[in-house]
Amino acid sequence: MAHDPHHSAPPVALVVDDEPLIRMDTADMVSEEGFEVIEARNADEAMAMLGRHPSLKLVFTDIQMPGHTDGLDLARHVCEHWPDICVIVASGAVTPGADELPETARFIGKPISHAMVRETIAEICPPTA
């Protein structure tokens with residue numbers, strides 16, 4: 001396929017969840033919203049990937065995962081060091097307090113639906129913006 005200089009590559013989204021099926025489902029939903037998706041099994045793995053993807057536009061992370069860092073730590077780190085990256089935090093077990101979630105991040109409760117993902121991405125991070 002020839003490279004079209006007028007058509008840029010899709011923005012990249014990083015989906016982070018330690019549950020493989022949930023990660024796969026979430027990745028599919030985010031992909032359907034126009035993102036190229038990369039995946040990480042936990043926040044530590046996600047942290048290592050952050051600087052390697054200059055076109056990264058969205059981080060979609062679970063809160064509770066094994067490792068040294070949880071999803072809230074990851075969200076705070078991304079918002080502090082990469083303020084242009086949108087952050088969506090999801091959990092079925094924990095609802096973060098207002099002081100725990102970065103101001104620019106959004107929280108959605110699990111189980112998530114495609115409609116919730118679509119609405120949240122459209123609100124804070126449309127892939128064409």
Side-chain angles (χ1 to χ4, degrees):
M1 177 156 61
H3 176 69
D4 180 352
H6 300 293
H7 183 75
S8 58
V12 176
L14 173 57
V15 172
V16 189
D17 200 304
D18 60 313
E19 295 289 339
L21 291 175
I22 293 172
R23 186 173 65 241
M24 188 175 61
D25 281 350
T26 304
D28 286 347
M29 288 185 243
V30 172
S31 176
E32 286 180 28
E33 296 310 308
F35 289 86
E36 176 185 323
V37 177
I38 56 176
E39 299 178 24
R41 291 183 303 259
N42 57 51
D44 295 327
E45 193 176 282
M47 291 270 211
M49 298 170 90
L50 284 169
R52 288 185 273 178
H53 295 277
S55 56
L56 190 65
K57 184 169 179 186
L58 170 66
V59 172
F60 194 117
T61 184
D62 186 27
I63 292 179
Q64 293 182 309
M65 294 175 285
H68 293 76
T69 311
D70 70 10
L72 289 173
D73 291 331
L74 175 62
R76 286 188 284 267
H77 182 79
V78 170
C79 290
E80 184 177 327
H81 296 281
W82 290 277
D84 294 338
I85 296 177
C86 308
V87 178
I88 300 173
V89 177
S91 180
V94 179
T95 301
D99 59 331
E100 294 179 283
L101 196 63
E103 195 175 311
T104 56
R106 291 292 178 277
F107 173 78
I108 57 178
K110 289 182 176 181
I112 60 172
S113 69
H114 195 157
M116 292 163 67
V117 171
R118 183 183 308 115
E119 289 167 18
T120 306
I121 287 174
E123 177 191 341
I124 68 165
C125 203
T128 55

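- In the hydrophobic cluster analysis, where Ile, Leu, Val, Met, Phe, Trp and Tyr join through side-chain heavy atoms closer than 4.5 angstrom, Ile85 is grouped together with Phe107.
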Quiz item: For Thr26 and Phe60, what are the C-alpha separation, side-chain angles and deciding distance, and is it a side-chain contact (heavy atoms from CB on, under 4.5 Å)?
Solution: CA-CA 8 Å; Thr26 304; Phe60 194 117; 3.6 Å; yes

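- Looking at every heavy atom in both residues, Met65 comes nearest to Asn42 through SD-CA, 3.7 Å.
- Taken to the nearest 0.5 Å, the CG atom of Leu74 stands 8.0 Å off from the OG1 atom of Thr69.
- Linking Ile, Leu, Val, Met, Phe, Trp and Tyr whenever their side-chain heavy atoms come within less than 4.5 Å puts Trp82 and Met47 in one cluster.
- Summarising the geometry, atom CD belonging to Glu103 is positioned 10.0 Å from atom CG belonging to Leu101; distances are rounded to the nearest 0.5 Å.
- Taking CE of Met29 as the start and CE of Met24 as the end, the distance is 10.5 Å to the nearest 0.5 Å.
- Note on Ile22 and Val37: separate hydrophobic clusters, where clusters join Ile, Leu, Val, Met, Phe, Trp and Tyr whose side-chain heavy atoms are under 4.5 Å apart, directly or indirectly.
- For Ser91 against Ile63, the heavy-atom pair with the smallest separation is CB-CD1, 3.8 Å.
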Self-check item: Evaluation steps, side-chain contact (heavy atoms from CB on, under 4.5 Å), between Leu50 and Leu14
Solution: CA-CA 9 Å; Leu50 284 169; Leu14 173 57; 4.3 Å; yes

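- To the nearest 0.5 Å, the span separating CD on Glu36 from CG on Leu58 amounts to 13.0 Å.
- Rounded to the nearest 0.5 Å, atoms CZ (Arg106) and OG1 (Thr120) are 8.5 Å apart.
- When the side chains of ILVMFWY residues are joined at heavy-atom separations under 4.5 Å, either directly or via intervening members, Met116 and Val16 end up in two distinct hydrophobic clusters.
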Quiz prompt | Steps toward side-chain contact (heavy atoms from CB on, under 4.5 Å) verdict (Glu45, Glu39) | solution = CA-CA 9 Å; Glu45 193 176 282; Glu39 299 178 24; over 6 Å; no

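- Side chain of Lys57 to backbone of Pro126: a donor-acceptor contact under 3.5 angstrom is found.
- What you find for His68 and Asp44 is that their closest heavy atoms are N-OD2, 2.8 Å.
- Annotation for Arg76: atom CZ counts as buried by contact number, over 12 foreign heavy atoms lying within 6.0 Å.
- Salt bridge status for Lys110 with Asp62: present, with a side-chain N to carboxylate O gap under 4.0 Å.
- Residues Ile124 and Val87 share a closest heavy-atom pair of CD1-O, 3.7 Å.
- When every heavy atom of Leu72 is checked against every heavy atom of Pro96, the shortest pair comes out as CD2-CB, 3.9 Å.
- Contact between Pro10 and Gly34 at its shortest, heavy atoms only, is CB-O, 3.6 Å.
- Phe35 is not connected to Met49 by any chain of hydrophobic side-chain contacts under 4.5 Å among Ile, Leu, Val, Met, Phe, Trp and Tyr, and they are in different clusters.
- Once rounded to the nearest 0.5 Å, the distance linking OG of Ser113 with CD of Glu119 reads 7.0 Å.
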Exercise. May I have the step-by-step check of side-chain contact (heavy atoms from CB on, under 4.5 Å) for Ile88 and Ile121, ending in yes or no?
Key: CA-CA 8 Å; Ile88 300 173; Ile121 287 174; 3.9 Å; yes

